[in-house]
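In what follows, a single structure is set out as structure tokens and then discussed.
Values reported hereafter were calculated over all heavy atoms of this structure, with side chains retained and with hydrogens, waters and symmetry mates removed. Ligands are counted one by one from 1 in listed order, and the atoms in each one are counted from 1 as well.
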Amino acid sequence: MISNRVKSLSPYKTETTHAPIRLSSNELSIELPDFVKRRIGEEISKLSLNRYPDPEAKLLKEAIAQRFGLKVENLLLGNGSDELIYYLSMAIGEFDKGVFYPVPTFSMYGISAQVLGRERIEVKLKDDFDIDLSESIYRIEEKGPALAYFAYPNNPTGNCFSEEKIKAIRNMKLFTVIDEAYYHYSEKTFLKDALEREDTVVLRSLSKIGLAGLRIGFMVGREDLISEINKIRLPFNVTLPSQVIARLMLDEFYHILEEEIEIAKKERDRVYKELSKMEGIAVYPSKANFILFKSLVMPADIMHRRLVQEGVLIRNFSYMIPDSLRVTVGRAWENDAFLEAIQKILNTP
Ligand SMILES: *Cc1c(COP(=O)(O)O)cnc(C)c1O
């Protein structure tokens, strides 16, 4: 029957409520031009869907390598970086050695560890959302985990942890995963370490830059490490349509994504500024494409529900951080709708 490891899991949470404006999953709000959609349609119609895809997704790897200045042998592709998190929790260290990560953070680190029966060593972030180094060192010395995850920038808090603290933890002989799902919004990276060191890998994703539906994530690391982890990869983990569309987008239409990323960064700074002017809201700076804020005048559950009534869906994080909500930065009109709705709610509590 179902193991206790699985029974005790809580399923991955997403917002399923319907709303015309969806700012809940940190996707890039982008509508591809018709000529791009037609091109995608043409490419898809040429595929032999009766055949298995290339298990190594060689052409897509080449496109990723070319686009991001990497080498094919340093890449491992996943069905989203979520899958790569599973692989890392499976491949790194023995299962009687735990997995360390600061919380609150992305839930997959804990879920993957728990499924495998690995101990989870969770240390609460300080009030400024940076790592509590002395507590981390204490717990690591006590528990001796093998693996550490750092979302960089962190989800849902939006900040990048201090580089020195990450390195201090890594120095305690922990294999270190730097999850850079929001790299394009922060431009801060551990890529150099991932290419040089045998104790560090970087995770990247196409999900937050306009292609979440394709489910493409990639790991960057030393060739020897990548070829070991590649042994546990499911043979055809990236589908044929995803391989083809992702390659097309990276090779020919990447500038369209880039422009939208730049707009989203400017919008992030505007939304942050507007939120910080509002009485009844405490807002946190962000290096990602989302913003965490606190509702000071009414419970977050009520603010969340009233935003849905106004047609705007964001993510309620009050189960993790008291009174907190996270809004994804959308296009200007979506952000305006969100800001107007929240102002209206604050004016009529
Ligand atoms: C969204 C997110 C991911 C998931 O990325 P996929 O490539 O879509 O699986 C990974 N890590 C963090 C921190 C995220 O916020």
Side-chain angles (χ1 to χ4, degrees), residues 11-15 22-30 57 60-61 64 68 75-89 99-113 115 122 125 129 131 147-161 166 176-186 188-190 194 201-220 233-234 237-239 242-243 245-246 249-250 257 261 264 268 284 286-292 314-315 317 320-321 324-330:
Y12 183 85
K13 270 199 177 153
T14 52
E15 291 283 3
R22 304 185 61 86
L23 301 174
S24 58
S25 293
N26 300 342
E27 297 136 330
L28 179 60
S29 190
I30 181 173
L60 174 55
K61 268 192 204 158
I64 289 173
F68 300 116
L75 292 177
L76 182 71
L77 304 193
N79 195 288
S81 43
D82 286 347
E83 185 183 32
L84 301 172
I85 292 168
Y86 261 105
Y87 291 166
L88 286 160
S89 291
V99 176
F100 169 91
Y101 46 91
V103 288
T105 193
F106 190 54
S107 58
M108 286 308 298
Y109 312 144
I111 292 173
S112 64
V115 169
E122 301 181 341
L125 292 170
F129 295 144
I131 295 168
L147 171 60
Y149 284 104
F150 299 98
Y152 189 81
N154 190 38
N155 177 8
T157 58
N159 59 310
C160 283
F161 304 135
I166 293 176
T176 301
V177 180
I178 311 290
D179 180 349
E180 298 181 359
Y182 301 97
Y183 162 74
H184 292 89
Y185 302 93
S186 73
K188 286 167 71 78
T189 183
F190 276 71
V201 292
V202 159
L203 295 180
R204 294 275 183 92
S205 174
L206 303 187
S207 295
K208 309 297 159 50
I209 58 170
L211 301 172
L214 295 181
R215 311 302 302 128
I216 305 284
F218 55 100
M219 186 189 306
V220 185
R233 185 178 55 79
L234 295 175
N237 62 330
V238 181
T239 69
S242 288
Q243 291 188 26
I245 300 169
M249 292 307 298
L250 292 173
L257 305 183
I261 293 166
R268 170 189 66 199
Y284 299 94
S286 170
K287 291 208 170 299
N289 69 339
F290 57 82
I291 295 173
L292 188 78
I314 67 172
R315 181 88 188 261
F317 268 100
M320 263 194 204
I321 311 170
S324 294
L325 301 130
R326 186 194 70 192
V327 61
T328 304
V329 176

Report task. List the steps and the verdict of side-chain contact (heavy atoms from CB on, under 4.5 Å) for Val238 and Lys61. Result -> CA-CA 11 Å; Val238 181; Lys61 268 192 204 158; over 6 Å; no
Query raised in the report: Got a sec, which residues hit side chain to side chain contact (heavy atoms under 4.5 Å, CB included) with Tyr87, two or more places apart in sequence or on another chain?
Result: Glu83, Leu84, Met90, Ile229, Ile232, Arg233, Leu234, Asn237
What donor-acceptor contacts under 3.5 angstrom involve side-chain atoms of residues 103-110, with partners at least two apart or in another chain?
unit_1: Thr105; atom_1: OG1; unit_2: Asn154; atom_2: OD1; d: 2.6
unit_1: Tyr109; atom_1: OH; unit_2: Asp179; atom_2: OD2; d: 2.7

Query raised in the report: Run the side chain to side chain donor-acceptor pair (under 3.5 Å) check on Arg326 and Asn155 step by step: do they pass?
Result: CA-CA 9 Å; Arg326 186 194 70 192; Asn155 177 8; 2.7 Å; yes
What does the N/O contact table under 3.5 Å look like for ligand 1?
unit_1: ligand 1; atom_1: 5 (O); unit_2: Ser81; atom_2: OG; d: 3.0
unit_1: ligand 1; atom_1: 7 (O); unit_2: Ser81; atom_2: N; d: 2.7
unit_1: ligand 1; atom_1: 7 (O); unit_2: Ser81; atom_2: OG; d: 2.9
unit_1: ligand 1; atom_1: 7 (O); unit_2: Ser205; atom_2: OG; d: 2.6
unit_1: ligand 1; atom_1: 7 (O); unit_2: Ser207; atom_2: OG; d: 3.3
unit_1: ligand 1; atom_1: 8 (O); unit_2: Ser207; atom_2: OG; d: 2.6
unit_1: ligand 1; atom_1: 8 (O); unit_2: Arg215; atom_2: NH1; d: 2.7
unit_1: ligand 1; atom_1: 8 (O); unit_2: Arg215; atom_2: NH2; d: 3.4
unit_1: ligand 1; atom_1: 9 (O); unit_2: Ser81; atom_2: N; d: 3.0
unit_1: ligand 1; atom_1: 9 (O); unit_2: Asp82; atom_2: N; d: 2.9
unit_1: ligand 1; atom_1: 9 (O); unit_2: Asp82; atom_2: OD1; d: 3.2
unit_1: ligand 1; atom_1: 9 (O); unit_2: Asp82; atom_2: OD2; d: 3.4
unit_1: ligand 1; atom_1: 9 (O); unit_2: Arg215; atom_2: NH2; d: 2.9
unit_1: ligand 1; atom_1: 11 (N); unit_2: Asp179; atom_2: OD1; d: 3.3
unit_1: ligand 1; atom_1: 11 (N); unit_2: Asp179; atom_2: OD2; d: 2.6
unit_1: ligand 1; atom_1: 15 (O); unit_2: Asn155; atom_2: ND2; d: 2.8
unit_1: ligand 1; atom_1: 15 (O); unit_2: Tyr182; atom_2: OH; d: 2.6
unit_1: ligand 1; atom_1: 15 (O); unit_2: Lys208; atom_2: NZ; d: 3.2

Report task. Please work out which of the three classes, parallel, tilted or perpendicular, describes the rings of Phe218 and Phe68, given edges at 30° and 60°. Result -> parallel
Report task. With sequence neighbours left out, write down each residue that passes side chain to side chain contact (heavy atoms under 4.5 Å, CB included) with Ser286, or none if nothing qualifies. Result -> Arg268, Ala288, Ile291
